[in-house]
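Just below is one structure, and these are the notes that go with it.
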Number of protein chains: 2
Amino acid sequence: MSDTLTIVTWNINSIRARIDLFGMMTKKLRPDVVLLQETRVTDGSFPLKTMHRRGFKHTALNGRGGHHGVAILSKVPLDDVRIDIIGGIDQSRHVSAVVDWGGPARLHSLYVPSGGDEPDVETNEKFRQKLEFVDGMLEWGQSAVGERAIVAGDFNIAPYPSDVWSHRQLLDVISHTPAETDRLENVRASQGWVDVVRRDRPEPQEVYTWWSYRNKTWPGSNRGRRLDHIWASPSLADSVREIDVLREARGWEKASDHVPVVARIER
Amino acid sequence: MSDTLTIVTWNINSIRARIDLFGMMTKKLRPDVVLLQETRVTDGSFPLKTMHRRGFKHTALNGRGGHHGVAILSKVPLDDVRIDIIGGIDQSRHVSAVVDWGGPARLHSLYVPSGGDEPDVETNEKFRQKLEFVDGMLEWGQSAVGERAIVAGDFNIAPYPSDVWSHRQLLDVISHTPAETDRLENVRASQGWVDVVRRDRPEPQEVYTWWSYRNKTWPGSNRGRRLDHIWASPSLADSVREIDVLREARGWEKASDHVPVVARIER
DNA sequence: GTCTTAATAG
DNA sequence: CTATTAAGAC
């Protein structure tokens with residue numbers, strides 16, 4: 001173990017269907033801790049043996065059935081595993097655990113609801129739930145930000161103009177509507193979370209972590225969005241360095257539509 | 001083209017899922033004509049381009065949707081393609097075509113219904129249909145046997161004691177019940193078809209062409225059955241030589257539960 | 001487009 | 001156990 005702790009967050013879109021891609025990712029990035037979203041597997045069927053074989057001996061799981069599901073795989077010990085219900089939505093969208101890295105630091109794997117197709121809370125229950133989830137983060141994050149903490153995962157929101165391939169064309173598309181981006185930015189700013197990716201690659205740099213499966217938008221037209229995020233609490237933010245987006249993973253055989261995002265934490 | 005025409009019959013259990021195994025088979029056996037069953041694909045989605053690339057430029061298809069389906073792939077011209085409805089059961093279970101091999105010879109690819117689980121015509125509609133299909137072969141085969149002809153395929157019946165791993169234990173198991181074996185043997189004998197596999201490997205030699213996916217019966221316990229057959233009309237039988245069962249195919253990665261059966265026809 | 005589950009078939 | 005289809009989710 002060196003003097004940096006390498007953390008990866010990745011919406012892997014089924015850990016079972018992409019267990020080999022998980023291996024390719026670890027070979028490439030050598031992470032100490034991996035925060036996964038959309039594992040799509042109940043805890044009992046999670047491929048723990050494979051993970052152990054690959055050195056991830058410490059795990060925190062929160063999966064249930066074919067949808068959603070989050071997990072933390074770690075080479076360093078995980079303490080005080082916790083599952084939080086955010087915004088009253090009980091759907092395996094959060095798990096966290098504490099690592100000892102220059103003192104305790106809590107790592108949260110977060111999976112915000114996607115929100116369906118129509119950005120209308122009246123007609124689209126899923127969109128309403130998504131907003132409720134982000135509203136729920138207002139209270140939830142208030143206590144989380146008080147620790148040395150990282151919140152990382154698929155937020156399903158691209159908050160800034162350079163987080164999408166076309167700000168104008170996506171203003172009415174779920175993930176980039178003001179109803180979402182305003183709420184998310186309010187959570188972040190009011191609590192003091194540092195969006196470390198944007199800190200190191202400030203606007204108007206384009207940063208994307210997701211490219212749709214539908215339409216062959218990748219890599220040609222590059223119609224991506226930055227849906228995956230790493231937030232650091234103020235007390236930890238200065239130790240977070242070397243942010244990276246593993247863009248090439250979108251081109252792998254049988255790729256996830258999301259790519260891994262990496263950060264390294266100094267001790 | 002040499003002086004023998006190599007014919008293979010194979011229940012491939014999805015041509016799309018096993019297109020690579022089809023290639024392995026052809027590399028191994030170098031067939032001129034392949035009679036397939038359980039192709040599980042509509043004609044429009046049949047991988048014709050791949051077949052053409054591999055030299056099978058002449059095809060006769062009868063598939064419709066996710067189940068059943070038969071086909072003939074050939075390196076030599078196919079004439080007078082015909083689809084017969086046998087026993088009134090219209091389920092893509094037959095296709096035939098004529099090759100010119102020392103005169104015209106009709107090759108039939110046949111897929112007899114499996115028959116479900118309970119050997120009871122009262123409670124099991126599928127079993128009733130299976131018996132109706134074999135009864136239908138009585139009339140159908142009468143005209144077929146008048147030509148120089150091969151009828152090959154998955155008959156889903158193991159007619160003789162040495163066609164199953166335990167005659168006694170399978171007497172009440174569909175594929176080896178007297179209701180089936182008596183009917184099939186009656187069709188064969190009354191019309192004069194030559195079961196060329198049994199002619200060359202007479203009882204009590206064990207010959208199996210199928211090993212179940214359920215339970216790991218292969219290769220250890222060798223609980224197989226001879227469900228796939230090659231029958232020759234009297235006028236052609238003497239030209240049929242070098243029967244072989246490609247047993248090793250059951251051990252291939254992602255194998256079909258049936259293995260290819262080969263015959264060579266002299267000109 | 002790419003997964004999941006479930007039902008259905010073999 | 002190994003396929004298929006269909007629905008639903010993302």
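The shown structure was predicted, so the numbers you read here are calculated from the model rather than taken from an experiment. Note that these values count all heavy atoms, side chains included, but never hydrogens, waters or copies made by symmetry.
- Ion pairing between B/R250 and B/D257 fails under the 4.0 Å rule for side-chain N and carboxylate O.
- Between B/V70 and B/T39 the shortest side-chain heavy-atom distance does not fall below 4.5 Å.
- B/Y111 places its OH atom 8 Å from the C1' atom of C/dA9, with the value rounded to the nearest Å.
- Taking atom CG on B/N156 and atom C1' on C/dG10, their separation rounds to 8 Å, with Å as the unit.
- In summary, contact between chain A and DNA chain D, defined as any nucleotide atom under 4.0 Å from a heavy atom of the protein, begins and ends at D/dA9 to D/dC10 in the 5' to 3' direction.
- As rounded to whole Å, 14 Å separates atom P of C/dA6 from atom CZ of A/R40.
- Shown here is B/N222, whose CG atom has more than 12 heavy atoms of other residues, nucleotides or ligands within 6.0 Å.
- Under the 30°/60° scheme for interplanar angles, the aromatic rings of B/F155 and B/H229 are found to be tilted.
- Residue A/K254 places at least one side-chain N or O under 4.0 Å from the OP1 or OP2 atom of C/dC3.
- Using a 4.0 Å heavy-atom distance criterion, B/R64 is classed as making no nucleic acid contact.
- Rounded to whole Å, atom P of C/dG10 lies 14 Å from atom CZ of B/F127.
- Stacking of A/R223 on the aromatic ring of A/W165 is recorded, both the 6.0 Å distance cut-off and the 45° axial limit being met.
- Between C/dT5 and A/R16, a contact under 4.0 Å exists linking OP1 or OP2 to a side-chain N or O.
- Separating the CZ atom of A/R18 from the C1' atom of C/dG1 is a distance of 10 Å, rounded to the nearest angstrom.
- Look at B/H68 and you'll find a side-chain N or O under 4.0 angstrom from OP1 or OP2 of C/dG10.
- The CD1-P distance, from B/I174 to C/dA9, rounds to 14 Å in whole Å.
- Atom-to-atom, CZ of A/R214 to C1' of C/dC3 comes out at 12 Å; the value is rounded to the nearest Å.
- Looking at heavy-atom distances under 4.0 Å, B/R225 makes no contact with the nucleic acid at all.
- Within a 6.0 Å radius of CG in A/D117, no more than 12 heavy atoms belonging to other residues, nucleotides or ligands are found.
- For A/S96, the side chain to side chain contact (heavy atoms under 4.5 Å, CB included) criterion is met by A/R82, A/H94, A/R106, A/H108, not counting sequence neighbours.
- Rounded to whole Å, atom P of C/dC3 lies 18 Å from atom CD of A/Q37.
- Taking the nucleotide of DNA chain C with the nearest heavy atom to each of A/H67 and A/Y213, the more 5' of the two is matched to A/Y213.
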